[in-house]
Amino acid sequence: FFSCLLFPHIMCGIFAYLNYLKPKERREICNILVAGLRRLEYRGYDSAGIGIDGKEGVPTLIKRRGNVNQLEGALAENSESLDMAEIMESHVGIAHTRWATHGEPSDINAHPQPSDPDNSFVIVHNGIITNYDVLRKFLETHGHVFKSETDTEVVAKLCKYMWDQHNGDVSFTQLVLEVIFQLDGAFALLVKSKHFPGDIIACKRGSPLILGVRRKEQKKHSLAEKLEKNPSSLWNEDDLSEDNMQEMFFASDASAIVEHTREVIYFEDDDVVHVHKGRMMTYKSDRETKQLVKSMKEVNTLDLELESIMKGRFDHFMMKEIFEQPESLSNTMRGRVAFADGTVRLGGIMKSTDTIRRSRRILMFACGTSYHSCLSVRIAMEELTDIPVALELASDFQDRTPPIYRDDICCFISQSGETKDTLNALEYCLDKGAFTVGFTNTVGSSIARKTHCGVHLNAGAEIGVASTKAYTSQIMALLMFALLISENRACAQQRRKAIIQALEDLPKHIEEVLKLDSKIKAIAEELKDSRSMLVMGRGYQYGTCLEGALKIKEISYIHTEGIHSGELSHGPLALVSENVPVVMVCTADIPFINGDSTADADARKEEKMKRASSELGQVLARKGKPIMIVDEDAPMLKSKAYETLRVPQTINCLQTIVNIIPLQLLSYHLAVLRGHNVDCPRNLAKSVTV
């Protein structure tokens, strides 16, 4: 298990288009491939390329360092030699956006990668081949000359080596099978070859891959009609026979497919799919026996609207997604929270609630923003369930072998459901016999499939690299989980009722906070030239501060630290000066204590405000200029602040959702004012498989 953990990799984007008995101009095929890559731009990349059939069916590769616009320009430059008007009755085109892991961004290192000067085999690849250096040395001893620094070229040349070993007397499927059994690491591969024109092979181990099909309905019932009658129907090869006109779309995620079709298959680890003459054959590769076993695949209908991956009236996806949060939070609760009778129902875990309630502890595994969502909910989850809650940073967990018990409940939180560190932790906990629960925003993701049960966020598609609405929906989903598990605790009923009542008003509170946008933009104007910032808070707001600091640093590139206010005098105070802005989250939310009288709660709230006032005084004494996020219970703080953002007050465990909105808006405006690419910040990708 741990042998694969030392090799981090970040998601590239894969897209392929196959048209069978569906005549298309080469220009139209190129346009479809380029459009698919544009849908995947948000994942982060530094070069792009496509592979299409040129003259006499030999694959032609067009690759460029930079963005898809550069690639599109290269296609225009080569339009005459490519004969863009030629009609292709059947054709396979592959495309890729690369995130550099082996070798710097360059035209040569971009994908597709060829096997030889004749492009006998061309490959697009997402992931990392961890034994590529051994394979490269082996191939070099057999006369293969490498042009790039990539691990992907090793796969392409290995295909050529296997072809030569068989003297060309080998099936496409068998050849690729022999290749992938030599590979260590994680990958999603698409393989195209001049020796097998019109064919494509797709395989997956670790990295995500899905297939969409659009076909002419020449039979009595379309796949969509079959799905209406039986949503869990299995894919039958007869649905895709040689007599039917059809189109297929392979992609790293659904955003590149939804505009073409809603009928999709999610690849699982060790799946191999070979499409020959429009007919799809699906296999499962057995790494022990080195054999292929025929398999059937479940057909799914995408629950994704094209409009959700468009910017609409906004300049950037991030701003659109920030303003969608009243709706996305409502969608996360819809059909699950019954405000009238104060109940919560989560269909994905209803059969497992007794198992969860009997657990000795709850462990939450996550990275980055997802980890911050867990931190923001931990206080409420422990209070409601009376079960110890431990947080594990999944990227740290991989470096340890901690004890995991059969009566542990292990929760895995990931927006994409593909975060590699989190998946590695999941595999470890499954091996230890723990009960697992997944929280993802992606149907069919690896975490969704591998956990015993789970909760879908229902936040809608999130395109911006910096997560906003998925973060608040994660907090909501985790809180609903705690509300459901605590349903049988008599001493928690009054508290549960208060939280559920507050949930109903939460979208309205978010709408109120969004009205601060213009004021926050003005504050950003004053802060845009800062080189460092601090964001501080305590209690429920510690997670808010860490997340706010992450947002600022990842898109504005301003070094920002999120700190616990109680730690100010333990080192961070040395950073405070007139040149270091300090954002202080000082809403008057305090942890709930069962049996507390109103007077006791007020006294604790006053004590928190006194501590906040003391911390504010320390900042002011160092000529700091504090920007305060406060509610109506903090009048003494507002009068001393350099700038004040007043937010609506809600119940303590929901205040973190309200308070993060100003920090999201601040990070957005800082990035825009500094001239940065908000949706695709440098060096970052949407989905990280580490």
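Model, not experiment: these values are computed from the prediction. Below, all heavy atoms of this structure are taken into account, side chains as well, without hydrogens, waters or symmetry copies.
- Note: F412 and F365 have parallel aromatic rings, judged against thresholds of 30 and 60 degrees for the angle between ring planes.
- Side-chain contact between T332 and M480 is present, with at least one heavy-atom pair separated by less than 4.5 Å.
- Scored by the side-chain hydrogen bond (donor to acceptor under 3.5 Å, both in side chains) test, D517 finds H669 as partners (sequence neighbours excluded).
- Between atom NE2 of residue H125 and atom CD1 of residue I94 there is a gap of 13.0 Å, rounded to the nearest 0.5 Å.
- Checked by atom type, the side-chain pair Q474/S370 shows a donor-acceptor distance below 3.5 Å.
- In this structure, R39 forms no cation-pi arrangement with F15, as its terminal cationic atom is not both closer than 6.0 Å to the ring centre and no more than 45° off the ring axis.
- The backbone N or O of Y471 sits nowhere less than 3.5 Å from a side-chain atom of Q415 that would complete a donor-acceptor pair.
- Of the charged side-chain nitrogens involved, at least one lies within less than 4.0 Å of a carboxylate oxygen, so that K450 and E427 count as a salt-bridged pair.
- Side-chain atoms of S556 and S667 include no donor-acceptor pair closer than 3.5 Å.
- Using a 30° and 60° split on the angle between ring planes, H676 and Y557 fall in the tilted class, from 30° to 60°.
- One side chain, N659 or T587, offers a donor N or O that lies under 3.5 Å from an acceptor on the other.
- Salt-bridge check for E512 with K515: passed, with a basic side-chain N closer than 4.0 Å to an acidic carboxylate O.
- D269 has a carboxylate O that lies under 4.0 Å from a charged side-chain N of K204, or vice versa, which qualifies the two as a salt bridge.
- Between E547 and K551 a salt bridge is recorded (basic side-chain N to carboxylate O distance below 4.0 Å).
- Taking the six-membered ring for Trp and thresholds of 30 and 60 degrees, Y668 and H316 have ring planes more than 60 degrees apart, a perpendicular arrangement.
- Closest non-hydrogen pair, L568 versus M536, comes out as CD2-CE, 3.8 Å.
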